[in-house]
Amino acid sequence: MTQEGKGTARKYNLETIGYMNEFEKISRCKVRDCIVDENGLMFIVDGVYIGKILGTKGSNLRMIEARFRKRVRIIEFSDDVRKMIASII
């Protein structure tokens, strides 16, 4: 499975695909990308889904973190690279 975009195609391993599928099933929101590292998971989603993913007082995000047993960060997708980097930092 690859992610097509303005740059090069990105290949996902089965672990990452599993995280993306489970996240979409729980949140009912489309994931644009997922980054897995030693600090946890980062899901990049369209901004219109941020509130739905977080839930009331972060309840949905806590449920997702409990399910994955990892720290989860939600990043708002933007065509402007500077905005995306600013939302990560």
Side-chain angles (χ1 to χ4, degrees):
M1 179 175 197
T2 61
Q3 177 77 20
E4 301 294 332
K6 292 183 178 180
T8 60
R10 179 165 173 212
K11 294 184 181 181
Y12 296 109
N13 62 26
L14 289 177
E15 177 187 35
T16 304
I17 292 169
Y19 285 132
M20 292 172 75
N21 287 336
E22 191 67 20
F23 181 88
E24 288 180 352
K25 188 173 17 170
I26 293 169
S27 69
R28 296 183 305 278
C29 297
K30 182 78 175 139
V31 174
R32 285 186 165 260
D33 201 359
C34 176
I35 300 166
V36 180
D37 66 15
E38 64 277 354
N39 297 320
L41 304 167
M42 284 192 283
F43 291 99
I44 300 173
V45 299
D46 288 325
V48 297
Y49 298 125
I50 298 287
K52 182 177 179 182
I53 293 167
L54 295 178
T56 304
K57 297 182 181 179
S59 61
N60 291 346
L61 183 59
R62 284 192 301 277
M63 181 177 62
I64 291 168
E65 286 181 327
R67 177 70 169 232
F68 293 140
R69 296 186 185 121
K70 294 183 180 283
R71 181 170 184 256
V72 174
R73 293 193 59 196
I74 308 300
I75 310 299
E76 182 178 354
F77 174 79
S78 176
D79 287 327
D80 183 354
V81 176
R82 291 180 191 142
K83 277 184 167 180
M84 267 188 60
I85 292 172
S87 73
I88 293 172
I89 296 174

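- Here the CD1 atom belonging to I75 is positioned 11.0 Å from the CG atom belonging to D33, to the nearest 0.5 angstrom.
- R71 is linked by a side-chain contact (heavy atoms from CB on, under 4.5 Å) to E65, R73, counting only residues two or more places apart in sequence or in another chain.
- In this view, R62 satisfies the side chain to side chain donor-acceptor pair (under 3.5 Å) rule with no residue, not counting sequence neighbours.
- In this structure T16 satisfies the side chain to side chain donor-acceptor pair (under 3.5 Å) test together with N13, sequence neighbours excluded.
- Taking CG of L54 as the reference point, atom CG of L61 lies at 6.0 Å (rounded to 0.5 Å).
- The structure places SG of C34 at 10.0 Å from CD of E24, a figure rounded to the nearest 0.5 Å.
- Checked against salt bridge (Lys or Arg N to Asp or Glu O under 4.0 Å), K57 has no partners two or more places apart in sequence or in another chain.
- Closest approach of E22 and R67 over heavy atoms only: OE2-NH2, 2.5 Å.
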Which atom pairs, one a donor and one an acceptor, fall under 3.5 Å between side chains of residues 41-52 and the rest of the protein, sequence neighbours left out?
from : atom 1 : to  : atom 2 : distance (Å)
D46  : OD1    : R32 : NE     : 2.6
D46  : OD1    : R32 : NH2    : 3.4
K52  : NZ     : R28 : O      : 3.3

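- Remark: I74 CD1 to C29 SG distance equals 9.0 Å, nearest 0.5 Å.
- Rounded to the nearest 0.5 Å, atoms CD1 (I26) and CE (M63) are 6.0 Å apart.
- In this structure, OG in S27 is found 8.5 Å from CG in N60, a value given to the nearest 0.5 Å.
- Taking K83 as the reference, nothing meets the salt bridge (Lys or Arg N to Asp or Glu O under 4.0 Å) condition, with sequence neighbours excluded.
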